[in-house]
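Here the structure comes first, spelled out in structure tokens, and everything after it is commentary.
These numbers come from the heavy atoms of this one structure, side chains and all, not from hydrogens, waters or symmetry mates. Being a predicted model, the structure only gives us computed values, none of them experimental. Each chain gets a letter, A, B and so on, in the order its sequence line appears, and its residues count up from 1.
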Amino acid sequence: MFLALRELSFARARFGLMGGVVALIAVLVVMLSGLSSGLVNDGVSGLKKLPVTDFAFGEGTAIDSAFSRSTVDRDQLERWSAQDGVADAALFGNQLVNAEGPHGEPVDLALFGVEPDSFVAPTASSVVDGGTLDRPDQIVVSETVADLGLGVGDTVTIERLGTELTIAGVLDGQHTFGHVDVAYVPLATWQEIHAGVPTGERARPEVYDEATAIALTAGPDVRIDAAAGDTAATTTTVSLTESFDGSPGYAAETLTLELIQVFLYAISALVVGAFFMVWTIQRKHEIAVARAMGASNGYLVGDALAQAAVVLVVSTAVGIGAGTGLGALLSSTPMPFELEAGPLAVAAALLVGLGLAGAAASVGRIARVDPLTALGGQR
Amino acid sequence: MTHATEQLVPPAPLRARGLRLAGVSLTLGDGDSTVVALDDVTLTVPPGELLAVLGPSGSGKSSLLAVAGALIAPSSGAVHLDGVDVTGLKPARQAALRRERIGFVFQSGNLLPALTAVDQLRFALHVAGMRGTPDRDPRALLEQVGMGHKADRRPHELSGGERQRVGIARALVTAPALLLVDEPTAALDRARSHEVVELLAAETHDHGVATVMVTHDHDVLEHCDRTVEMEDGRLGA
């Protein structure tokens, strides 16, 4: 690093410009990573927190609309319960509804219909305020409804049907589905709302047999045999993670953000590669002199890579620091933004790693510089 | 280091020390368009001698430096440095030989722009893997060539003559057996040219190094111990 560090300080304006570009890219990557995590949480945190390993949907359901189109019944539930490896199974209803708060304000909710004694129902330990479901007109909601000014004891009214639901408890943390707060509701009530039965009326008997999907949980160290269960119960089963694509807009949002991030990594690697290519060409004569003096290829290439590593690590650290600072400002806004250490560490490693790869591709030219060109007139 | 070597290995016959080229030819290019750059050159430069090689451009002076400096292998003939045959070395061994045994002084210094004068010398030591035990102290050597007061200046802050002095100190700091000098006065006025070549002569005698200086500047020959002329790749008197 003898030459590398002295060149860094000598050509600090040039390296500063390139480092600035990398730092700005790092800021963008932090922003996108935060937005990604935020959107994922907004889209599927309600599903993520379910003690579920797999969902069995009605046979032939396309996964991107599974939670709105699928229907299963109790008969299928019983056949699934009898399958090997299934520790527990329960009916699970899912519907997005528009409702009104106590003062007529609009409240959008994702109703999760669960039988209060089943394994998917909210437990006392998951509730931070109030209690669990014990009456048909009660809901247990995500902590994030506090943003809408709602709390325990408030009543929301389902639009058109007039069904009134009272908040019995508030869950620990964010539970959202498709950017909407989750409200757990007793399955029978969910079935009436899903069938569009106005409040106070009974639905047709078969309505009380139906739900969106069968929630499954595998025993410890067991994988559910989806194919066998699907044959027995005529269902289409996917893992919990695969079911995320059934959240409205989830696949499109995450793919878009991932694509932008991939482009940023590629741009960053190309910028660094292009810089070091120009830099190496500019230094061609100096490299020839150093090689004539007997510096080995390994010495010169190692020196150039160490130089690239210093620039990349410093500028990535600066960019991630600045991005995290900006992110802290954003997280107090309604924007879905969440910074997680894991994805940030991966992003930093990718920026440095790909930048080094770009630099390595360029400084390889050092090996092709002919030391003979050091003799004779300059340049 | 020259002295240490003399004590460690049995004394070599006097004619074997320094640089010796025996029947060296160099053909450049390939196929139809070959150029004979060196044609059967035989030359001995003992330690402590400053040899001037004169000749018009294209006469093979630079090729002579390249072959003597292990930058290019001759097509035929042999190159010996201090009695060791260095003719057919692989590129990595050539590089090792250059950094340990050979010093180059280039036209207009060819210093590295990012480095201060003293760092130019330290870099040469670093490249040669001598940073722990420098044979010569970089600052003392700069003092010796009259550049002690500008040891912390970068090349763009130095005049042409000053750069050439730093270049000479850089070539000498690793205590080479052979000093190869390429047109050292090309970019200098007469007064500076004399100073630089006088310095080269003094350093050559003080350090007991075999020095080959390629030049077309007849003015400075008075400082050299011996002069040979080259024409069409052949050595004259």
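- Looking at B:A124, both its backbone and its side chain come within 4.5 Å of chain A, counting heavy atoms on both sides.
- Here the options are A:E286, A:H285, A:M293, the test is side-chain contact (heavy atoms from CB on, under 4.5 Å), and the partner is B:N110; only A:H285 passes.
- Rounding to the nearest 0.5 Å gives a distance of 7.5 Å between CZ of A:R6 and OG1 of B:T116.
- Here the shortest heavy-atom pairing between B:L71 and A:P371 reads CD2-CB, 3.7 Å.
- Here the CG atom belonging to A:D370 is positioned 7.5 Å from the CD1 atom belonging to B:I72, to the nearest 0.5 angstrom.
- Neither the backbone nor the side chain of B:A186 comes within less than 4.5 Å of any heavy atom in chain A.
- Distance check: A:Y299 OH to B:R99 CZ gives 10.0 Å after rounding to the nearest 0.5 Å.
- The residue among B:K61, B:E183, B:R170 with the most heavy atom pairs within less than 4.5 Å of chain A is B:R170.
- For the pair A:F2 and B:D119, the minimum side-chain heavy-atom distance is below 4.5 Å.
- Two residues are said to be in side-chain contact when any heavy atoms from C-beta on lie closer than 4.5 Å; A:D303 and B:H126 fail this criterion.
- Distance check, rounded to the nearest 0.5 Å: OG of A:S296 to CD of B:Q94 gives 13.5 Å.
- Within 6.0 Å of atom NZ in A:K284, 12 or fewer heavy atoms from other residues, nucleotides or ligands are found, so the atom counts as exposed in its surroundings.
- Summarising the geometry of A:S9 relative to B:R154, their closest heavy-atom pair is OG-NH2, 3.8 Å, with the distance given to 0.1 Å.
- For the residue pair A:E7 and B:A114, the shortest heavy atom distance occurs at CG-CB, 3.7 Å.
- Using a 4.5 Å cut-off on side-chain heavy atoms (C-beta onward), A:L375 and B:L180 make no contact.
- Contact between B:F106 and A:A292 at its shortest, heavy atoms only, is CZ-CB, 3.8 Å.
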